Amino acid sequence: MGETTTILFVTSNQGKIAEAKEALRPYGIDIESYNPIPEIDEIQSSDLVVVAADKLMKAASNSNLSSSILGVMVEDAGFFLDEYEGFPGVYSSYVHKTLGISGVLRSLKGIENRNASFRCVIGIHIDGENFFFEGTCNGIVSDEIRGKNGFGYDPIFIPNEGDGRTFAEMKLEEKEIFSHRAKALKAFVSFLEEWKQSPTSNHGNGS
Ligand code: IMP
């Protein structure tokens, strides 16, 4: 992709920042975290895209962009349990804070259907326009908490494409092979490569 591109990621979640940096580094894209983080109230909606779109609008209007920054990025993600028709989904953060992963395991005790997925929507504001990219990772909920890496529900999620370890038992670069976030970020990279070539872009060879 040539010269380094910098994107401002508006999140206070250090795990998300580390993953985005790892996923985008090979493509010459650097992630800077926004500091201080603008206060962004998250709206309630059953749709991750609606939440991400609202966050992006607030983040973009709050951010003072220097010329070295290509765009502003936000993310909304959730953990979806098939047995509960997707719950906690958009309420994942609240359920994590209240029940915790041990509470989730307790609620699934004796239940056969342990299918789950992580879903992620990345929203990027570039040149006055908003773009959205999605990624999903399917898997199952483990019987017990396993591993110390990652964050959130990682210690109880076993991706179907993996080798039976939970995300929290994997190194960051291993989680990146399967993760919902890495998939959404890859979709963003493909878009960016095309966008930089487009005649309306001021940032690439096409300008
Ligand atoms: P947020 O609203 O996008 O911050 O995400 C909601 C919640 O989903 C987070 O607080 C985490 O508990 C959970 N979550 C999102 N992505 C991941 C992940 O990659 N691993 C584990 N938990 C995650």
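One is the number of the first residue; the rest follow in order along the sequence. Just so it is clear, the structure is predicted and the values come from calculations on it, not from any experiment. Both ligands and their constituent atoms are indexed starting at 1 by order of listing.
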Give a yes or no on whether a salt bridge exists between Arg119 and Glu134, defined as a side-chain N under 4.0 angstrom from a carboxylate O.
no

Go through the side-chain N and O atoms of Tyr27 and Thr5 and say whether any donor and acceptor fall under 3.5 Å apart.
no

With a 4.0 Å heavy-atom cut-off, what residues sit around ligand 1?
Lys16, Glu42, Glu75, Asp76, Ala77, Ser92, Ser93, His96, Phe118, Phe151, Gly152, Tyr153, Asp154, Lys175, His180, Arg181

Residue set satisfying side chain to side chain contact (heavy atoms under 4.5 Å, CB included) with Glu22, at least two apart, ordered chain then number -> Arg25, Leu172, Glu173, Glu176

I'd like to know if Asp143 pairs up with Arg114 as an ion pair, taking the criterion as any Lys NZ or Arg NE/NH1/NH2 lying under 4.0 Å from an Asp or Glu carboxylate oxygen.
yes

List the residues meeting side chain to side chain contact (heavy atoms under 4.5 Å, CB included) with Lys16, not counting sequence neighbours, and say none if there are none.
Phe9, Thr11, Asn13, Glu75, Phe151, Arg181

For Thr6, which residues count as a side chain to side chain contact (heavy atoms under 4.5 Å, CB included) partner, sequence neighbours excluded?
Asp30, Glu32, Ile69

